[in-house]
Amino acid sequence: MSGFTTQELFAIFAMQGFSGLSLFCVFLLMALGLAIIFGQMGVINMAHGEFMTLGAYLTYLVSVQAATLGEWALDAYFPVAIAVAFLGAFMLGYLVERFMIRHLYQRPLDTLLATWGLGLILQQLFRSIFGPREKTVTMPDWLLGSYSATDMIDIPLNGLFILAITILLSVALLVLLYRSRWGTKVRATTQNRTMANAAGINTDRVDRLTFALGCGTAGVAGAAFTTIASTGPTSGGQYIVDTFLVVVFGGAASLFGTIVSAFGIAQSQSILSFFWSGSMAKVFTLLTVVVILMFRPQGLFASKVRR
Amino acid sequence: MNNAMLLEIEDLEVSFDGFKAIDGLNFYVERHELRVVIGPNGAGKTTLLDLICGKTRATGGRITFNNRELTRLAEHRIVQAGVGRKFQTPSVYENLTVYQNLELSSPGARSVLSSLFFRRTPELRSRIDEIARTIYLSDQLTISAGLLSHGQKQWLEIGMLLIQDPQLLMLDEPVAGMSVPEREATAALLNRIRENRAVIVIEHDMDFVKEIGRKVTVLHQGRIIAEGPVEKVAADERVIEVYLGH
Amino acid sequence: MKAMITAFGGRITFIQLAVIAALLMVLLPAITDIYRLNLFGKYLTYAFVAVGLVLCWGHGGILSLGQGIFFGLGGYCMAMFLKLEASTPEATASQTTPGIPDFMDWNRVTELPWFWEPFNSFTLTLMAIVVIPAVFAWLIGYAMFKRRVGGVYFAIITQAIAVIMTILIVGQQGYTGGINGITDLRTLLGWDIRTDSARTILYYACCVALLLCLLASRYLLESRFGRLLIAMRDQEDRVRFSGYDVANMKVFVFVVASVFAAIGGAFFTLQVGFMSPTFIGAVASIEMVVFCAVGGRLSVVGAAVGAFMVSWSKTTLSETFPQLWPVLLGALFIAVVMFFPRGLAGLVSDYAPQALSKWRRQAGRTPPSGDPAAEEPSR
C-alpha cells in the first residue's frame, strides 16, 4: 500500500466501498428472501438464485416491450418491471410451495436436494428460452452517468438507485414481519406451529405466502441486478453459496443480522479485491466467515431460547 | 456435608434472557428415595431435570452427585456417572427393534472402536431378556420400536435406562397419555425399580402421585414452595393456591 | 466362520458382492472394448463417494455437500505425483526452468513449491491420499460436531468449503494448474498408464478397491456402531443421554466417508489421466449426492449401482441431448426425493422379497428363521 497517498487511499476506500455497496445490495436482496424462508420456515431453497434470474429476465422482457413504445416508456418502465418481477417470482414460488415444498417440511435436507433439482431445471429453461448469451437491459437515461462527490470519487447513479431499492425493500419487509398482523401470524407459526394452528391461524396458508414472499423478494433482487450487470441463465445461481453464508452468518432468525452480515461480507470482498486478486479476496472473506461460523455456529445475532 | 445424600443441589440458578427459570434452588435426594416433583406449568420442573443431566447449563450454583460436581461435566459423562433421564415425549429408536433399542443402551462399548468391534455376550442377552420382562415387552423384542403403542414406548425408554443400571433415574411425566391399566402397570413398575436406586418423577396427575409418592417437592416459579409427605403437601395452603386449587 | 459371515450382514452381503464382482470383472470386460471399460472405471470412482455418503448421510443423517473436496484431494495427491514423474529435466528441457511441471513454468514459477516436494515419493503420496483427506475431514467434523452443528448448517458449510477450494485452486494457477487442472500425466513408476493393458489393470484394481470398500461399509453398518448411526440420526439426544459422545461418532463416520471419496479420486486420476477443479466444486459435490440418492441412500450396494448408472446416463444423454440432460437430472432429483426416498435399492427391497418368497414356495423351501438380535427392520 506504500505507493498511495493518504488522499488516494481514501478515494480508493470510498470507491471500492461504494462498489462493495452494490455487491451488498445484491447479497442483501437475495439474502432477505432466503432469510425469510429459512428463518421462518426452516426450509433451504437452493433454487433461490433462479428466482432472482427469473426476476431479471422479466425485467428484460418489460424493457424490450417498453422500447417498442417509445422514449417516454423507456424512462418510466422500471417501477413496472419491479412489480412484474415480484409477481412472477411470487407466483412461481407459490406453486413450488404448493406442489413440492409442502410435502417435505419434515425433511429439511431433502428440501435442499429437491430445490437444487428445481434450480437445475429452471436454469436449463432459461437457457432454452433466452439463449446462453447474456441479456442487457436498456437503461433509462436518468440511471446512466454518475455523481462526482470530489475530483477523485465518482459514484455511479445506478449504484445509488439499487441502494435505494434495497433500503425500501428491507424496510418494507421489516415492517411487514414485525409490525403487521400478518407478520405476527408468521412469527407465531415459526415459534409454535401446533399452537398457532390451534389459535385459528391457517398455518398452511401462512407457509405458502411466506415462501412466495421470499421468492418474490428474489424477483425484485433480479430487477435490481439488471441495473448493474447483464443477465445470463446462471446469474442468480452463482450467488447462492455466498448468500447462504450471509444468512447463516447473520443468525438465521434475525433480519437485522442478515443486513449486518451482508454488509460485512460484501465490503470485505470488495475492498480486499483492490489490493489482492478478486479470487483471493473472495477466498479470504468466505474462509473467515466459515471459520467464525465454526466457533459461533448460531451466527452473529441469535436469540437464546430454551430448546 | 451429609454423605448419605446421593444428589445435592445448592443455590442453583438458570436464566434465559433474564428470565429466571430456576432461582436459588436447594434440593436433596437420598440414595434409595422416590421423589415426586410437582408444580404448575412453567414452574421449572423439566428445566431442573435438564440441569441435572447437563442438557441445560446452570448460570449459578452447584449440583453434586455422589460427591461429584456435575455442572461442568459433558452430558455423556453425567450418564456414565450414573444419572439416567427419560424425556417427556417418548424417545426410542423407531427404526430399530426393541431388542436393538435395549442393546444399544447397554453400557460398555461406548467408544467408536469398541462399538465397531462389539460382540454380544450371553450375559447381555439374559440381561436384556430380564429387562424386557420387567417392562412388559418380552413378546415384542423382535418388532421395530416404531410399531409399539405410546405406553409401550414409554416403558421401552424406561427399560433403556434400566439396562444402564443408573443410581439416579429421572422420569419426566412417565404416565402422560397412558390408559388406566397402563398407568397401574407403570406404578407397579416404578415401585419395583426404585428398590435399589433413587428415582425422581415429574408428574401432574395427583392420583398417580398419591399412588407412588412418599415425599413430594412442589416447584413454583423456579423455587421450592413446599416439600414433605404427600398428604401434608396436599394440605398446604400455598400449594393449593398455586397449583392444586386450579 | 458363521460369526464372520454374520458380522458382514449374513450370506446376502456376499451374494450381492459376488454378483457385483461378476458383473464388473467378468461380464463388462467381456462385452465392451477398452475405451468403454476405461469410462466405466471412471464411473466406478464416483461409487466410492456414493458409498461414503450412504454411511454418513443415509445412516448417520449427516449430509455433506462437499464430498468433492475429498475426491479432489485424493485425486490431486495422485496427480501431483504423476505430474512430477512426467516433469523430468529431460522431458521439460525446453522450459525456462527445466524439471518443474509445465504449468508452473508458464506462470513464471521458477522453483518447485514446498508442498509439492513430498509428492516426489510414491510412498508418501499413497499415505497423503488417505491421511490428508482424513485430517481435513477430522478438522471440519470436529469443529462442527463438537459444537452441535448439524443438518442444513453442516450441508451449507461443507458446500462453502468446496466453493472456496475451487476458487483457490483456480486462482493459484502457478501452484495448482488452475482451471485446466493437472494434465498430461503419463507414467506411474515408469509404467505407462495410457496403454490398453495398463487401463485394464487399473480398471480391475479399481473394482477390487471398490469391493473392499463395500465390504468394509457392510461390516461397519452391521456393527453396533452402524446401529448407533441410525439411532443418532433418529434420536440424537437419546443417544447422548445413553452415555455416548455423539460428536466422536459423527466425526468418525465423516472421516471414513471422506477417505472413501479420496480413494475414488486417486483412481479417477489414474484412469482418466488428469484432475481438475471441476470435480471438486459445489455442482460436482451435489451430483455425487444425486448418485447416492438415486441408488438408495440406505444401501451401499444400491448407491454404488446408482453412481455407475447415473454417470453412465449422464455421458450418454448429455452427448445426445445436451439440452435435455440438466432437466432430466433435476427431475430425477425431485422425483427420488419426493417419491422414492430410498432410491432404487428401496424399490428392489420392496418388491424383491415378494418375488423371492414366491420362488421359495415354488421350490418348497422355508424362509430362514429370524434371530431376534440379527433382525433389521430397515435394510
Side-chain angles (χ1 to χ4, degrees), chain B residues 49-50 53-55 74-87 89-101 103-120 124-125 128-129 132 140-147 157 160-161 163-164 166 170, chain C residues 3-4 6-7 55 58-61 138 141-142 145-148 216-256 298 342 369-379:
Chain B
L49 297 199
D50 284 348
C53 72
K55 194 167 186 243
E75 289 101 325
H76 63 278
R77 299 271 176 228
I78 296 178
V79 176
Q80 288 165 7
V83 178
R85 157 87 188 271
K86 196 194 110 35
F87 295 101
T89 47
S91 16
V92 296
Y93 314 129
E94 305 212 331
N95 284 311
L96 299 175
T97 63
V98 172
Y99 187 99
Q100 290 169 340
N101 267 272
E103 187 182 274
L104 270 192
S105 309
S106 67
R110 274 167 170 160
S111 73
V112 170
L113 281 183
S114 60
S115 68
L116 273 175
F117 300 106
F118 168 79
R119 291 280 163 268
R120 67 180 70 81
L124 180 60
R125 272 175 190 261
I128 291 175
D129 287 335
Q140 277 79 19
L141 277 175
T142 55
I143 68 168
S144 72
L147 300 174
E157 200 181 350
M160 289 158 70
L161 296 174
I163 203 164
Q164 298 168 22
M170 305 192 291
Chain C
M4 272 292 289
T6 322
L55 300 181
H59 287 259
W138 185 85
Y142 190 85
F145 297 138
K146 280 286 177 197
R147 287 182 182 75
R148 312 264 162 94
S217 309
R218 258 333 230 294
Y219 176 83
L220 194 145
L221 291 179
E222 289 300 323
S223 71
R224 179 175 172 133
F225 182 82
R227 311 237 190 285
L228 270 174
L229 283 182
I230 298 176
M232 278 184 332
R233 183 193 66 195
D234 296 347
Q235 290 284 352
E236 184 172 325
D237 262 346
R238 186 66 270 164
V239 177
R240 182 171 292 128
F241 290 106
S242 296
Y244 293 97
D245 188 346
V246 168
N248 278 350
M249 308 274 162
K250 289 186 172 180
V251 172
F252 179 76
V253 76
F254 183 53
V255 168
V256 171
L298 291 174
R342 289 187 297 139
S369 64
D371 169 10
E375 265 332 272
E376 166 121 33
S378 68
R379 168 81 33 95

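Convention: sequence-line order gives letters A, B, ...; per-chain numbering from 1.
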Closest-packed option against chain B by number of heavy-atom pairs under 4.5 Å, given L228(C), N248(C), V246(C), V251(C): L228(C)
If I measure from the heavy atoms of chain B, does V253(C) come under 4.5 Å with its side chain, its backbone, both, or neither? neither
So for D245(C), is it side chain, backbone, both, or neither that comes closer than 4.5 Å to the heavy atoms of chain B? both
Can you list the steps and then say if V112(B) with M249(C) is a side-chain contact (heavy atoms from CB on, under 4.5 Å)? CA-CA 6 Å; V112(B) 170; M249(C) 308 274 162; 4.2 Å; yes
Evaluate side-chain contact (heavy atoms from CB on, under 4.5 Å) for I78(B) paired with F241(C), printing each intermediate quantity in order. CA-CA 8 Å; I78(B) 296 178; F241(C) 290 106; over 6 Å; no
Hey, could you give me the [atom1]/[atom2] distance between [X] and [Y], rounded to the nearest 0.5 Å?
X	Y	atom1	atom2	answer
N95(B)	I230(C)	CG	CD1	7.0 Å
Y93(B)	R233(C)	OH	CZ	12.5 Å
N101(B)	R227(C)	CG	CZ	11.0 Å
S242(C)	M160(B)	OG	CE	5.0 Å
Y244(C)	E75(B)	OH	CD	16.0 Å

Contacting moiety of S106(B), where chain C heavy atoms sit under 4.5 Å: both
Let me know if V83(B) has heavy atoms under 4.5 Å from chain C in its side chain, its backbone, both or neither. neither
Give the minimum heavy-atom separation between L96(B) and A231(C), together with the two atoms involved. CD1-CB, 4.3 Å
Between R119(B) and S223(C), does a side-chain contact (heavy atoms from CB on, under 4.5 Å) hold up when you go through it step by step? CA-CA 9 Å; R119(B) 291 280 163 268; S223(C) 71; 6.0 Å; no
Should L104(B) and R224(C) count as side-chain neighbours, where that means a heavy-atom distance under 4.5 Å? yes
Around atom OH of Y142(C), are there more than 12 heavy atoms from other residues, nucleotides or ligands closer than 6.0 Å? no
When you look at CZ of R147(C), are more than 12 heavy atoms from neighbouring residues, nucleotides or ligands closer to it than 6.0 Å? yes
With the threshold set at 4.0 Å, does a side-chain nitrogen-carboxylate oxygen contact exist between E157(B) and R238(C)? yes
Begin with the C-alpha distance, continue with both residues' side-chain angles, and end with the deciding distance and a verdict on side-chain contact (heavy atoms from CB on, under 4.5 Å) for F118(B) and F225(C). CA-CA 8 Å; F118(B) 168 79; F225(C) 182 82; over 6 Å; no
Is there a donor-acceptor pair closer than 3.5 Å between any side-chain N or O of Q235(C) and the backbone N or O of S91(B)? no
